[in-house]
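Proteins come first, then strands; the chains are lettered A, B, ... in the order of their sequence lines, and each starts at number 1.
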Amino acid sequence: MPLYYFNIYNDDTTLDEEGVELADEHAARAYAVKAVRSLASETTLHGHLVGYHRVEYVDKEQNPLGEVRFDEAVEIT
Amino acid sequence: MNDKSEAGGALIRKLQIFSRLTGSEKALLAALTSDVRTVAARKNIIRDGERPEFVHLIIEGWAARYKVLRDGSRQIIAILLPGDFCDLHVTLLGQMDHGIQTLTECRIAYMRSDDVDKLTCDHNGLTRALWMATLVDESVLRSWIVNNGQREALGRIAHLLCELLYRMEILGLVDVGRFDLPLTQEEIGDAVGLTSVHTNRVLQRLRKLNLIKTGGRMLTVLDVDGLRDAAGYDPSYLHINRREPA
């Protein structure tokens, strides 16, 4: 399975040097959404959520494949 | 040192934390651990539901106790280090209720569960020591439940790293705060209920706080008190100072 890397851009930049083996780009996006929800849940516990914070996912050659913003990973009604 | 005496030595060192062993008890343990095999990294030693004929003891390397959920996600419920039993309880319970996988290449002693059962019937002192080892495993499991249920992400990972530091120190495998940490972000995440991405973020925070330094597969704890403080860590649950009265 190919490796995908997930870089975090929130209050700091955290680059992923290990990556995760996933079936395809679709699975990589789903993984990014799950990761964003996990990160967002932590800030929510502290009473804030910054919508423009994001996780970018890239392939092994560091080509950007997409990104998930914190405010698109959760539905607020 | 040959495999046989080395394997027996790892077990004797571990059990002597809990109980004074006689010369004949040590000889029995050495004989029991004479079948040592090498298992490659990331292989199942035993799977959930199996009825094993052996009790496995880690002599060298790292392994993990885990359960897999229906959706495929994995919860690591213990990290097993040299001297740790994988599955002592199967001598009595018969069937595995979780799996055990190597994290690195391991050298493992395969002890026939019938022999372990017989040993516990015949030798009270050894039975007591094995019981203590099981009780400490349970104590560690309790601390993991509290860790994963109550602490936030930073505290959870700090707690896990503190535990590994203390346990590696007992084994003499820490050099000025530095030890081999052969876990991926994903495996650390599986142990504390976080995604690998979230785990990476927390490790970065711990680095920026100057509590740890990572490089390759090594971890250096730069500030033990700071890391303990971040985790609210109290090592008493490891019962490392518990010794039989003379």
Side-chain angles (χ1 to χ4, degrees), chain A residues 1-50 52-60 62 64-70 72-74, chain B residues 41-42 68-76 101 103-104 147-159 180-219 230-232:
Chain A
M1 289 202 288
L3 266 175
Y4 295 93
Y5 295 79
F6 299 84
N7 301 319
I8 312 163
Y9 300 92
N10 53 2
D11 50 329
D12 197 357
T13 298
T14 309
L15 300 180
D16 183 1
E17 289 169 7
E18 282 188 15
V20 183
E21 274 190 0
L22 293 162
D24 53 26
E25 209 174 310
H26 182 73
R29 180 159 190 92
Y31 196 84
V33 168
K34 190 178 169 191
V36 162
R37 287 176 180 163
S38 169
L39 289 163
S41 68
E42 198 189 355
T43 71
T44 307
L45 281 175
H46 291 278
H48 63 271
L49 178 66
V50 182
Y52 63 82
H53 284 172
R54 63 197 168 88
V55 166
E56 168 199 56
Y57 50 107
V58 304
D59 65 16
K60 206 173 178 185
Q62 299 297 310
L65 302 172
E67 62 173 40
V68 178
R69 283 171 51 113
F70 280 34
E72 62 176 316
V74 288
Chain B
R42 297 188 168 78
V68 174
L69 279 67
R70 204 180 294 174
D71 68 359
S73 51
R74 177 176 72 160
Q75 176 69 48
I76 289 178
Q101 194 184 58
L103 297 170
T104 66
N147 196 38
N148 290 344
Q150 297 295 329
R151 289 194 180 91
E152 291 185 16
L154 184 102
R156 278 186 219 178
I157 290 182
H159 197 277
D180 187 25
L181 182 76
L183 302 177
T184 63
Q185 286 166 189
E186 208 169 359
E187 287 162 346
I188 294 173
D190 285 350
V192 295
L194 296 171
T195 64
S196 64
V197 180
H198 203 154
T199 299
N200 190 22
R201 179 72 189 88
V202 172
L203 290 173
Q204 164 113 329
R205 260 165 69 199
L206 291 171
R207 280 190 296 263
K208 292 229 162 157
L209 290 166
N210 286 320
L211 299 177
I212 62 165
K213 193 168 80 178
T214 52
R217 282 290 155 95
M218 301 298 289
L219 178 91

query: Which bit of Leu39(A) comes within less than 4.5 Å of chain B, counting heavy atoms only: side chain, backbone, both or neither?
result: both
- prompt: So what's closer than 4.5 Å to chain B heavy atoms on Thr13(A): side chain, backbone, both or neither?
  reply: backbone
- prompt: Between the side chain of Asn148(B) and the main-chain N/O of Ala191(B), is any donor-acceptor distance below 3.5 Å?
  reply: yes
message: Quick check on the interface: out of Val36(A), Asp16(A), Asp12(A), who has the most heavy-atom pairs with chain B under 4.5 Å?
response: Asp12(A)
query: For His46(A), does the NE2 atom sit with more than 12 other heavy atoms under 6.0 Å from it, leaving out its own atoms?
result: yes
- request: Measure the OG1-CD1 distance between Thr14(A) and Ile8(A) for me, rounded to the nearest 0.5 Å.
  value: 4.5 Å
message: Just to verify, which of Glu56(A), His53(A), Arg54(A) counts as forming a side chain to side chain donor-acceptor pair (under 3.5 Å) with Tyr9(A)?
response: Glu56(A)
task: Against chain A, work out which of Leu194(B), Leu154(B), Val197(B) has the most heavy-atom pairs shorter than 4.5 Å and name it.
output: Val197(B)
Which portion of Glu152(B) sits near chain A, non-hydrogen atoms under 4.5 angstrom: side chain
- prompt: For the rings on Tyr31(A) and Tyr4(A), is their centre-to-centre separation under 6.0 Å?
  reply: no
